[in-house]
Amino acid sequence: MRVKSLTHGSKGRTRSSGPRRLLQAGAMVWFREVDNGCKWRNLPADFLVPWRTVHAIFTRWWQDGDLYALHNDLREQVRIADGREPEPSAGIIDSQSLRAAETVAAGSRGYDAAKKVQGTKRHVIVDTLGLLLVVIVTAASVQDRDGAKPALERLRDWYERTALIWADSAYAGKLVTWAKKHVRLTLQIVKRSDDVSGFVVLPRRWVVERTLSWISQRRRCVRDYERLSEHHEAMVLWAMIILMGRRLARSASPKST
């Protein structure tokens with residue numbers, strides 16, 4: 001899959017789309033899928049498009065890079081509206097372990113001994129506004145440092161301007177040297193003070209934790225229900241698309257006097 005833009009042809013192929021009505025109907029269903037968490041087969045029988053057609057378009061949008069293109073265009077608009085550059089110069093990385101439903105393939109599962117979770121783990125990198133840059137789903141047994149490598153490699157391939165990544169102590173050690181040498185990224189560890197007890201908000205790290213909370217507001221993302229890991233990645237992107245779309249809609253609406 002290649003990342004591209006729906007508005008900038010230099011980032012990849014132009015989007016190939018079917019009838020406009022079909023795509024609009026599909027988008028409505030995907031919003032419903034992510035937000036309410038219903039099964040594909042449980043879509044209304046009298047809906048405009050059969051569920052198999054909607055699922056096929058969902059899969060094609062992911063495989064062709066159209067979903068990332070839509071997501072990235074929205075993220076650029078949100079950043080510009082906030083007075084930022086379209087592409088970030090820094091980010092924050094973290095992971096979140098999820099319980100897996102019975103629909104998740106056995107080969108995609110694992111056990112996170114630290115969190116005591118049997119299932120999968122999503123590794124995310126966000127910008128300083130908390131907007132998603134990269135998401136990769138692995139088995140929950142994959143260590144944060146191991147899952148970070150493909151995420152950082154993808155970040156370097158897609159975002160040339162990004163140079164600094166903040167992370168917690170789980171990413172300390174050899175990964176810092178690896179990131180500097182192989183992907184030309186400075187990995188800065190934000191450590192918790194030993195003098196502080198209980199919950200404390202840590203600089204930079206709270207941003208990515210807030211993003212994980214945003215994603216978990218969508219029912220389809222509370223657990224991993226997808227047979228394929230890339231389909232869960234797509235659901236995470238749709239969760240962020242919903243959030244950014246609503247944010248842009250609020251900023252565009254006329255202010256009441």
Side-chain angles (χ1 to χ4, degrees), residues 1 3 34 62 65 67-72 74-76 78-79 87-100 104 108 110 112 114-115 117 119-159 162-172 175 179 183 185 187-190 202-226 228-244 247:
M1 186 199 67
V3 170
V34 177
W62 170 261
L67 181 57
Y68 253 115
L70 172 61
H71 172 274
N72 291 351
L74 286 175
R75 188 190 61 242
E76 289 182 2
V78 173
R79 288 184 57 84
E87 186 171 316
S89 60
I92 309 99
I93 189 171
D94 204 354
S95 68
Q96 182 180 39
S97 295
L98 306 167
R99 298 189 184 280
V104 177
S108 302
D112 184 343
K115 302 293 178 62
V117 171
T120 60
K121 181 183 290 187
R122 52 188 175 217
H123 308 263
V124 301
I125 304 177
V126 304
D127 65 8
T128 53
L129 295 179
L131 304 178
L132 188 69
L133 299 175
V134 172
V135 55
I136 289 180
V137 177
T138 67
S141 55
V142 174
Q143 296 295 319
D144 288 353
R145 288 187 293 270
D146 297 329
K149 289 183 177 180
L152 291 172
E153 288 174 340
R154 185 176 294 184
L155 181 77
R156 170 49 62 223
D157 289 341
W158 293 352
Y159 308 99
T162 307
L164 173 64
I165 299 295
W166 287 284
D168 61 27
S169 56
Y171 299 91
L175 181 64
V183 291
L185 288 170
L187 197 63
Q188 183 173 323
I189 306 300
V190 180
L202 297 177
R204 302 298 180 181
R205 279 173 51 180
W206 69 269
V207 175
V208 67
E209 291 166 359
R210 181 185 60 180
T211 303
L212 293 172
S213 176
W214 287 342
I215 295 170
S216 297
Q217 290 177 6
R218 311 275 78 86
R219 289 186 180 180
R220 190 73 177 229
C221 297
V222 172
R223 297 177 65 185
D224 190 350
Y225 296 94
E226 313 306 322
L228 301 177
S229 59
E230 54 263 32
H231 283 181
H232 184 76
E233 294 174 17
M235 290 297 178
V236 172
L237 289 178
W238 275 113
M240 293 302 297
I241 287 171
I242 293 172
L243 182 143
M244 292 186 295
R247 184 177 297 184

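Closest heavy-atom contact between Thr162 and Pro88: OG1-O, 3.0 Å. In terms of heavy atoms, Leu187 sits closest to Ala167 at CD1-CB, 4.2 Å. Smallest separation of non-hydrogen atoms from Leu129 and Trp214: O-CH2, 3.9 Å. Val190 and Arg205 get closest at one heavy-atom pair: O-NH1, 3.0 Å.
Contact of the His232 side chain with the Leu98 side chain is registered, since non-hydrogen atoms from C-beta on lie closer than 4.5 Å. Using a 4.5 Å heavy-atom threshold, the side chains of Asp168 and Asp94 count as touching. When side chains are defined from C-beta on, Met240 counts as touching Ile215, because their heavy atoms get closer than 4.5 Å. The side-chain heavy atoms of Val183 and Leu155, taken from C-beta on, include no pair separated by under 4.5 Å. Counting heavy atoms from C-beta on, the side chains of Trp238 and Leu70 come closer than 4.5 Å.
Although no hydrogens or angles enter the test, the distance criterion places no donor-acceptor pair under 3.5 Å between the side chain of Arg220 and the main chain of Met235. Distance alone, capped at 3.5 Å, is enough to place a donor-acceptor pair between the Arg75 side chain and the Leu132 backbone. Panel note: side chain Tyr171, backbone Ala148; no donor-acceptor pair is recorded below 3.5 Å. Checking side-chain atoms of Thr211 against main-chain N and O of Val207 turns up a donor-acceptor pair under 3.5 Å. Between the side chain of Arg218 and the main chain of Ala239, no donor-acceptor pair closer than 3.5 Å is present.
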side-chain contact (heavy atoms from CB on, under 4.5 Å) between Leu152 and Ile125, intermediate numbers included: CA-CA 8 Å; Leu152 291 172; Ile125 304 177; 3.9 Å; yes
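Listed by chain and number, the residues in a side chain to side chain contact (heavy atoms under 4.5 Å, CB included) with Arg99 are Val117, Arg223 (sequence neighbours excluded). Among residues two or more places apart in sequence or in another chain, the side-chain hydrogen bond (donor to acceptor under 3.5 Å, both in side chains) test is passed with Glu233 by none. Taking Thr128 as the reference, Arg84 meet the side-chain hydrogen bond (donor to acceptor under 3.5 Å, both in side chains) condition, with sequence neighbours excluded. Residues meeting the side chain to side chain contact (heavy atoms under 4.5 Å, CB included) test with Ser216, sequence neighbours left out: Gln96, Arg122. With sequence neighbours excluded, the residues forming a salt bridge (charged side-chain N to carboxylate O under 4.0 Å, His left out) with Asp127 are Arg79, listed by chain and number. In terms of the side chain to side chain contact (heavy atoms under 4.5 Å, CB included) criterion, residue partners of Ala100 (sequence neighbours excluded) are, by chain and number, Val104, Arg109. Judged as a side-chain hydrogen bond (donor to acceptor under 3.5 Å, both in side chains), and not counting sequence neighbours, the contacts of Thr120 are Asp224.
We find the CD1-CG distance between Ile242 and Leu237 to be 11.5 Å, quoted to the nearest 0.5 Å. The structure places NE2 of His71 at 11.0 Å from CD of Glu76, a figure rounded to the nearest 0.5 Å. In this structure, CG on Leu185 lies 5.5 Å from CD1 on Ile165, to the nearest 0.5 angstrom. How far CG of Asp112 is from OG of Ser95: 7.5 Å, rounded to the nearest 0.5 Å.
Applying the side chain to side chain donor-acceptor pair (under 3.5 Å) test to every pair with at least one member in residues 130-143, sequence neighbours left out, gives these pairs: His123-Thr138. Listed by first and then second residue, the salt bridge (Lys or Arg N to Asp or Glu O under 4.0 Å) pairs involving residues 132-146 are Lys121-Asp144 (not counting sequence neighbours).
Ring planes of Tyr68 and Trp62: tilted class, angle from 30 to 60°.
In summary, of the residues considered (Arg156, Glu153, Arg154), a side-chain contact (heavy atoms from CB on, under 4.5 Å) with Val134 occurs for Arg154 alone.
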